[in-house]
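Only one structure is covered here, and it is reproduced in the block below.
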Amino acid sequence: MGLVIIFALVTLLAIYGMVRSLREKNILGLLFGLGTAAVFGWFTIMTVLHHGYPVAH
């Protein structure tokens, strides 16, 4: 489950970077942030769907 947490943190940081790049009108940074958010966001969603949520012991 640690992998999902890392993927989610990278996704959130990429979204933050996209917003910051949009404010500064940095198109290349926006494109890289969009690509990173798309890839790592997809990995996050698919890992949660495949492995599920951790069970409470």
Any link between [X] and [Y] through a network of hydrophobic side chains (Ile, Leu, Val, Met, Phe, Trp, Tyr) touching at under 4.5 Å?
X	Y	result
Ile45	Val39	yes
Val4	Leu49	no
Leu3	Val48	no

Looking at [atom1] of [X] and [atom2] of [Y], how far apart are the two atoms once the value is rounded to the nearest 0.5 Å?
X	Y	atom1	atom2	value
Ile27	Leu34	CD1	CG	11.5 Å
Arg20	Asn26	CZ	CG	10.0 Å
Thr11	Ile6	OG1	CD1	11.5 Å
Met18	Leu31	CE	CG	10.0 Å

Taking all heavy atoms of Ser21 and all of Gly29, pick out the closest pair and write down the distance. OG-C, 3.6 Å
Can you name the nearest heavy-atom pair linking Thr36 to Ala14, along with the distance? CG2-CB, 3.8 Å
Ring pair (Phe, Tyr, Trp, His ring centres under 6.0 Å) contacts touching residues 2-24 (sequence neighbours left out): Phe7-Phe40, Phe7-Phe43
